[in-house]
Each structure stands twice: as structure tokens, then as C-alpha cells.
Amino acid sequence: MRKHKLALDNIYHIYNRGVEKRPIFMDERDYSRFIRNLIIFNDSRRITNIEHKDIEQLAKNRKLLVDILAFCLMPNHYHFLLRQVTDNGITEFMRKIGTGYVNYFNLKYKRVGTLFQGKFKSALIDNESQFIYIPHYIHLNPIDLTFPDWREKGLKKPKNAIEFLNSYKWSSYPDYIGKSKFPLVLNKNPITKFFRTAEEYQNDIASFIKDFDLSDISDLILE
């Protein structure tokens with residue numbers, strides 16, 4: 001049982017990883033498939049295979065289960081920032097995402113059994129400070145791929161880390177700095193209310209890296 005009920009209009013940090021920390025994305029096609037699923041399965045309606053082919057039209061007609069405010073896909077785990085917009089929306093969305101992707105992955109790689117490490121983890125965002133900084137935490141995850149000890153030792157060249165974030169494909173970060181990559185996935189409005197421009201968001205995340213401190217969101221870290 002969860003410590004808290006996933007309630008309507010609340011915002012949650014959602015996390016899960018591969019069983020035994022195994023990779024869940026093996027190539028670019030896997031990442032692309034998962035992101036496509038974020039669009040297709042964010043719908044309370046039953047979707048036909050024909051509708052899957054016209055994803056832009058499908059997106060226009062959806063009855064959303066959740067608002068996806070931010071996300072990051074990493075080789076062996078993922079992070080979402082979700083707002084529940086229908087009753088039981090997050091649970092249903094995550095069920096559909098899990099079932100759909102595992103079926104695809106197991107068929108492609110000729111394997112059987114579970115892929116994810118149990119049920120997804122969730123943490124309620126319950127104040128403004130948490131809401132501002134949890135997207136930064138989510139968007140900074142890719143830095144671990146090139147600077148694995150940066151959280152403990154800091155970054156000697158933070159500019160290089162920012163450049164890497166700018167080029168990382170599988171995150172909503174580019175959408176928040178003016179490069180619209182996933183408009184059918186995201187609802188940016190709640191976060192952009194706090195950052196008037198893309199440059200302002202980029203500057204704020206650069207400051208967050210420089211003065212890295214997770215104390216305000218330590219209870220939201222689910223890894």
C-alpha cells in the first residue's frame with residue numbers, strides 16, 4: 001500500500017527503474033517507443049491500432065489521465081513529474097505505460113518476465129519550493145552519465161555539464177529552454193509560470209548546479 005493516496009489535481013514525482021538495476025532502454029528506438037507511449041497511453045479512452053498511426057490526431061482527441069510536467073529517461077530508470085487530472089489517473093497511466101512497454105521490450109529482445117523493479121514510487125509535491133526545484137533535479141539526471149560523482153564532488157566545468165544537458169535527447173529539459181521537442185507529451189504551463197523565458201529557466205538550472213543543494217527536496221528523492 002502507498003503511504004498516500006494519489007489524489008486529483010495533486011502533483012507527484014514518479015520514479016521506477018529496471019529490475020536489478022538492469023537497462024530498460026537498449027537503443028534509440030526503445031527511447032522513442034517509450035516517449036510515443038507517453039502520448040498514446042495518456043488517454044482514458046480505449047485506443048485502436050489505427051489511431052496509433054495518426055498520433056497528432058490522437059493527441060487532439062485524448063481525454064487525459066495526467067498532465068506530464070517534466071520527464072527524464074535514463075538507461076536503467078525514468079523520472080516523471082505528473083499532475084493527476086482524472087480519478088485514479090496516475091495509477092492507470094502507469095499501468096498502461098508499464099504493460100505496453102514491457103510487452104514491446106520482451107518481444108523485441110526475446111525475453112520473459114518483469115522488467116521494472118516492482119511498483120512505481122511516488123512522492124507528493126506539497127509546497128512551492130519543492131515544485132520549483134524538483135524539475136531541476138529531474139532534468140539534471142543525465143549529468144550522471146558523464147560526471148558520475150558530480151553530486152558529491154561538484155563540477156569543475158559546469159559549462160560542459162550544461163552543454164551535455166542541451167544535447168541530451170530523452171528529457172523534457174530542451175522544451176524548457178526553447179527547443180520544442182515533445183509538445184504532444186508535455187504541459188509546460190504550470191512550470192513556466194515561474195520562469196518567464198527559456199533563458200530564465202536555463203539560468204536558474206545553472207545556478208542550481210553551482211550551488212547544488214537537495215535539502216529542500218530530500219524527501220522527494222526516490223532512488
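Index from 1, following the sequence.
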Same hydrophobic cluster for Ile35 and Leu145, using side-chain heavy-atom links shorter than 4.5 Å among ILVMFWY? yes
So with a 6.0 Å cut-off around CD of Glu200, is the heavy-atom count from everything else above 12? yes
Evaluation steps, side-chain contact (heavy atoms from CB on, under 4.5 Å), between Ser44 and Thr86: CA-CA 9 Å; Ser44 60; Thr86 61; 5.5 Å; no
Measuring from Ile39:CD1 to Ile55:CD1, what's the distance to the nearest 0.5 Å? 4.0 Å
Verify side-chain contact (heavy atoms from CB on, under 4.5 Å) between Gln84 and Asn10, making sure each step is shown before the conclusion. CA-CA 6 Å; Gln84 182 157 280; Asn10 281 354; 5.9 Å; no
Met94 versus Val66: any side-chain heavy-atom pair under 4.5 Å? no
Less than 6.0 Å separating the ring centroids of Phe164 and Phe147? no
Residue list, ring pair (Phe, Tyr, Trp, His ring centres under 6.0 Å) with Phe116, at least two apart or on another chain: Tyr78
Might you point out which heavy atoms bring Pro158 and Ile209 nearest each other, and give the distance in Å? CB-CG2, 4.3 Å
Might you confirm whether atom NZ of Lys181 has over 12 heavy atoms from other residues, nucleotides or ligands at distances under 6.0 Å? yes
State, yes or no, whether a side-chain contact exists between Ile177 and Leu165 at a heavy-atom distance under 4.5 Å. no
Ring center gap for Phe34 and Tyr31 short of 6.0 angstrom: no
Candidate pair Phe182 and Lys188, rule side-chain contact (heavy atoms from CB on, under 4.5 Å), full reasoning: CA-CA 10 Å; Phe182 304 114; Lys188 298 194 300 178; over 6 Å; no
Over all atoms of both residues, closest heavy-atom pair of Val102 and Gly113: CG1-O, 4.0 Å
Can you find a heavy atom in the side chain of Leu82 that is under 4.5 Å from one in the side chain of Phe71? no
Can any side-chain N or O of Asn127 pair as donor or acceptor with the backbone N or O of Gln130 at less than 3.5 Å? yes
Residues Ala7 and Tyr12: closest non-hydrogen pair is N-OH, 2.7 Å
Salt bridge (charged side-chain N to carboxylate O under 4.0 Å, His left out) evaluation trace for Asp27 with Arg29: CA-CA 5 Å; Asp27 59 26; Arg29 186 177 175 184; over 6 Å; no
Side chains of Phe93 and Ile68, heavy atoms from C-beta outward: is any pair under 4.5 Å? yes
Taking every heavy atom of Gly100 against every heavy atom of Asn37, the minimum-distance pair comes out as C-ND2, 4.2 Å
Output all residues satisfying salt bridge (Lys or Arg N to Asp or Glu O under 4.0 Å) with Arg95, sequence neighbours left out; order by chain, then residue number. Glu92
Please name the pair of heavy atoms, one in Trp150 and one in Asp144, separated by the smallest distance, quoted to 0.1 Å. NE1-OD1, 2.7 Å
What distance separates Leu64 CG from Asn42 CG, expressed to the nearest 0.5 Å? 4.5 Å
For the residue pair Tyr137 and His79, does the interplanar ring angle fall in the parallel (under 30°), tilted (30 to 60°) or perpendicular (over 60°) class? perpendicular
Side chain of Arg111, backbone of Thr114: donor and acceptor closer than 3.5 Å? yes
Answer yes or no: is there a side-chain heavy-atom contact under 4.5 Å between Ser171 and Asn141? no
Any donor-acceptor N/O pair, Asp87 side chain to Leu8 backbone, under 3.5 Å: no
Verdict with reasoning, His136 to Tyr173, per side-chain hydrogen bond (donor to acceptor under 3.5 Å, both in side chains): CA-CA 9 Å; His136 291 356; Tyr173 176 69; over 6 Å; no
Within a strict 4.5 Å, meaning less than it, do heavy atoms of the Ile24 and Asn16 side chains meet? no
Separation between CG of Leu124 and NE2 of His13, rounded to the nearest 0.5 Å: 12.5 Å
Could I get the full list of salt bridge (Lys or Arg N to Asp or Glu O under 4.0 Å) partners for Glu163, not counting sequence neighbours? none
Indicate, with yes or no, if Leu186 and Val85 share a hydrophobic cluster defined by side-chain heavy-atom contacts under 4.5 Å among Ile, Leu, Val, Met, Phe, Trp and Tyr. no
Rounded to the nearest 0.5 Å, how far apart are CG of Asp67 and CD1 of Ile191? 10.5 Å
Over all atoms of both residues, closest heavy-atom pair of Ser172 and Ala70: OG-CA, 3.3 Å
I'd like to know whether the aromatic ring centres of Phe105 and Tyr109 sit less than 6.0 Å apart in this structure. yes
Just how far is it from atom CG of Leu73 to atom OG of Ser32, taken to the nearest 0.5 Å? 9.5 Å
Treating Asn76 as the side-chain partner and Lys21 as the backbone partner, does any N or O pair qualify as donor plus acceptor under 3.5 Å? yes
Check for me, please, whether Met74 and Met26 land in the same ILVMFWY cluster - side-chain distances under 4.5 Å, paths through other members count. yes
Tyr168 and His139, any side-chain heavy atoms less than 4.5 Å apart: no
To the nearest 0.5 Å, how far apart are CG in Leu115 and OG1 in Thr99? 11.5 Å
Taking the side chain from Lys96 and the backbone from Asp43, do they hold a donor-acceptor pair closer than 3.5 Å? yes
Answer with yes or no whether the side chains of Asp204 and Tyr176 bring together a donor and an acceptor at under 3.5 Å. no
Taking atom NZ as the centre, does Lys108 end up with more than 12 heavy-atom neighbours from other residues, nucleotides or ligands that are less than 6.0 angstrom away? yes
side-chain contact (heavy atoms from CB on, under 4.5 Å) between Leu184 and Glu56, intermediate numbers included: CA-CA 8 Å; Leu184 299 183; Glu56 291 191 6; 3.9 Å; yes
Evaluate the criterion ring-ring contact (aromatic ring centres under 6.0 Å, His included) for residue pair Phe131 and Phe194; output intermediate values, then yes/no. CA-CA 10 Å; Phe131 180 68; Phe194 293 92; 5.6 Å; yes
